[in-house]
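Quantities reported herein were computed from a predicted structural model and do not represent experimental measurements.
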Amino acid sequence: MSELKRSQVTTKRGDQGQTTTLGGDDVAKSHVVIECTGAVDELRAQTALVRQVIRQTQPDGPQSIDAFLLWLLHTYFVIGTACSDPLNKHPEYRVVELSQKHIDALEDFQARLEKQVTLPKQFIVSATNPAAAQMDVVTTIARRLERRVVRLKEAYPEFDSEAILVFLNRLSDTLFMLARFLDGGTYQTVDYGVLA
């Protein structure tokens, strides 16, 4: 049997269900830190997907949305780094810290959306196109990540998560409004008559 070239990604260290955090701790892959960073990874992947969906379905859409989603993808790395080392054992890995500046940028983007979107009085049961539907998926994952960060804070009370939690709370609202912007003013609201 020929010897395989060394893999760029496979180390075999995780074959027994263990991994190492950015803080240097060996933990089970079910550990709260790994659950949290896994949620960050899922949010990143789904945000990248919806960005591509928007680029394909709305090639002449606002460039500000594309730039915003690219900016978000970078903030996720900042969040993931902090969550993978909640005790800040390796501050040298934190190239950027999430701060009020980032929260302000998020709120500014949402405020611009709010000026262009009027929500219906009824609950929305479904998006009306693939880009808006995918953005709704991203919104739910952002909310899941927020819950994971709360759980991480409970496990590590010393974890400085204040800016991250504020950012994530605002993020899910912003993503919801972005989904409604992508709906283009056409809403599928709840109609219990379909259950009759």
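- Pairs engaging residues 113-123 under the salt bridge (Lys or Arg N to Asp or Glu O under 4.0 Å) rule: none recorded [sequence neighbours left out].
- Considering CD1 of Ile141 and CG of Leu171, their distance stands at 11.0 Å, rounded to 0.5 Å.
- The nearest pair of heavy atoms linking Ile103 to Ala163 is CD1-O, 3.8 Å.
- Rounding to the nearest 0.5 Å places CG of Leu168 at 7.0 Å from CD1 of Ile164.
- Contact check for Val32 versus Cys36: no side-chain heavy atoms found under the 4.5 Å cut-off.
- Screening residues 63-84 for salt bridge (Lys or Arg N to Asp or Glu O under 4.0 Å) gives Arg51-Asp66, Arg55-Asp66 as the qualifying pairs, with residues at least two apart or on separate chains.
- Cluster annotation: Val149 is not connected to Phe77 through the hydrophobic network of ILVMFWY side chains, with a link wherever side-chain heavy atoms come within less than 4.5 Å.
- The other members of the hydrophobic cluster of Leu49, by chain and number, are Val53 (side-chain heavy atoms under 4.5 Å, ILVMFWY only).
- Hydrophobic clustering (side-chain heavy atoms under 4.5 Å, transitive across Ile, Leu, Val, Met, Phe, Trp, Tyr) groups Trp71 together with Val95.
- A search for side-chain hydrogen bond (donor to acceptor under 3.5 Å, both in side chains) contacts involving Gln134 returns Gln46, not counting sequence neighbours.
- Listed by chain and number, the residues in a side-chain hydrogen bond (donor to acceptor under 3.5 Å, both in side chains) with Arg112 amount to none (sequence neighbours excluded).
- Across every non-hydrogen atom of Phe167 and Leu72, the tightest pair is CZ-CD2, 4.0 Å.
- The distance from the CG atom of Leu98 to the CG atom of Asp160 is 10.5 Å, given to the nearest 0.5 Å.
- You'll find the side chain of Phe159 stays beyond 4.5 Å of the side chain of Asn88, heavy atoms only.
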For residues 126-133, which side-chain donor-acceptor pairs fall under 3.5 Å, sequence neighbours excluded?
residue : atom : partner : partner atom : Å
Thr128  : OG1  : Asp183  : OD1          : 2.8
Thr128  : OG1  : Thr186  : O            : 3.3
Asn129  : OD1  : Ala131  : N            : 3.1
Asn129  : OD1  : Ala132  : N            : 2.9
Asn129  : ND2  : Leu182  : O            : 2.8

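- Pairs passing the side chain to side chain donor-acceptor pair (under 3.5 Å) check and including a residue from residues 135-149, sequence neighbours excluded, read Glu42-Arg144, Asp136-Arg180.
- Glu92 pairs by the side-chain hydrogen bond (donor to acceptor under 3.5 Å, both in side chains) definition with His90, not counting sequence neighbours.
- When all heavy atoms of Val33 and Cys83 are compared, the closest pair comes out as CG1-O, 3.5 Å.
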Contacts table for residues 187-196: side-chain donor-acceptor under 3.5 angstrom, sequence neighbours left out:
residue : atom : partner : partner atom : Å
Tyr187  : OH   : Thr118  : O            : 3.4
Asp191  : OD1  : Gly193  : N            : 2.9

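- Gln110 places none of its side-chain heavy atoms less than 4.5 Å from the side chain of Val117.
- Here Thr47 pairs with Tyr76 under the side-chain hydrogen bond (donor to acceptor under 3.5 Å, both in side chains) rule; sequence neighbours left out.
- Screening residues 97-107 for side chain to side chain donor-acceptor pair (under 3.5 Å), with sequence neighbours left out, gives Ser99-His102, Gln100-Asp104, Glu107-Arg170.
- Taking 4.5 Å as the limit, every side-chain heavy atom of Thr81 sits out of range of all side-chain heavy atoms of Asp85.
- Follow the hydrophobic side-chain contacts under 4.5 Å out from Val150 and you reach Leu152 in the same cluster.
- Within the 4.5 Å cutoff, the side chain of Leu119 has heavy atoms near those of the Phe176 side chain.
- The environment of CD in Glu162 is sparse: at most 12 heavy-atom neighbours from other residues, nucleotides or ligands sit within 6.0 Å.
- Rounded to the nearest 0.5 angstrom, Ser161 OG and Ile79 CD1 are separated by 11.5 Å.
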### Query
After noting the C-alpha distance and the side-chain angles of Val96 and His74, does the key distance pass the side chain to side chain contact (heavy atoms under 4.5 Å, CB included) rule?
CA-CA 10 Å; Val96 177; His74 286 80; over 6 Å; no
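- Applying the ring pair (Phe, Tyr, Trp, His ring centres under 6.0 Å) rule to Phe109 yields the partners Phe68; only residues at least two apart in sequence or on another chain are considered.
- Considering all non-hydrogen atoms of both residues, Thr37 and Ile34 come closest at OG1-O, 3.2 Å.
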